[in-house]
Amino acid sequence: MAKNEQNTGPDANSTGTNYGKFIGIAFQMLAIIGLFTFAGYKIDESAGHATKWVTAVMSLVGVFISLFIIIRSVKN
């Protein structure tokens, strides 16, 4: 392809769009997992637990919720 020609087909900007979509998904997962982990940490801190089991459970809940949301958005 010559330097002056531009690709104006349907895939002309799909690479940038895909990168943006995946970066958005990563930040969404990070935010959900981070919020649930922070909530679990605060619960453990206020309850005075020696073992941080609520933090562990809440972080796993955040992982499962974020995976559910991502899978649901990919299906659509």
Side-chain angles (χ1 to χ4, degrees):
M1 189 180 303
K3 290 181 181 179
N4 294 344
E5 293 180 23
Q6 293 180 348
N7 187 2
T8 58
D11 293 333
N13 199 15
S14 66
T15 304
T17 305
N18 287 337
Y19 287 142
K21 185 184 344 177
F22 290 131
I23 289 172
I25 288 172
F27 280 120
Q28 184 178 11
M29 288 183 72
L30 181 68
I32 292 170
I33 295 168
L35 286 173
F36 274 86
T37 304
F38 181 73
Y41 175 76
K42 286 298 185 181
I43 291 170
D44 274 334
E45 188 178 77
S46 67
H49 295 142
T51 304
K52 306 296 183 192
W53 61 272
V54 178
T55 303
V57 170
M58 291 293 283
S59 64
L60 285 174
V61 168
V63 169
F64 290 132
I65 288 174
S66 66
L67 284 175
F68 174 76
I69 290 172
I70 299 308
I71 290 171
R72 191 179 66 184
S73 69
V74 169
K75 283 177 75 174
N76 293 336

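FYI, side chains are in, hydrogens and waters are out, and symmetry mates aren't considered; it's all heavy atoms of this structure.
- Ile65 pairs in a side chain to side chain contact (heavy atoms under 4.5 Å, CB included) with only one of the listed residues (Ile70, Ile32, Leu35, Leu60), which is Ile32.
- Cluster membership check: Ile25 shares its hydrophobic cluster with Val63, using side-chain heavy-atom separations under 4.5 Å among Ile, Leu, Val, Met, Phe, Trp and Tyr.
- Partner Phe36 forms a side chain to side chain contact (heavy atoms under 4.5 Å, CB included) with one of Val57, Thr55, Val61 and no other, that one being Val61.
- Residue pairs meeting the salt bridge (Lys or Arg N to Asp or Glu O under 4.0 Å) criterion with at least one member in residues 19-42, sequence neighbours excluded, are Lys42-Glu45.
- Across every non-hydrogen atom of Met29 and Ser66, the tightest pair is CE-OG, 3.8 Å.
- A distance-only check finds a donor-acceptor pair linking the side chain of Ser59 to the backbone of Ala56 [under 3.5 Å].
- What you find for Gln28 and Ile69 is that their closest heavy atoms are NE2-CG2, 3.4 Å.
- Following chains of ILVMFWY side-chain contacts shorter than 4.5 Å, one can reach Val74 starting from Phe22, so the two form part of one hydrophobic cluster.
- Heavy atoms only, all atoms of each residue included: Asp44 and Thr51 are closest at OD1-O, 4.3 Å.
- In this structure, CD1 on Ile43 lies 5.0 Å from CE on Met58, to the nearest 0.5 angstrom.
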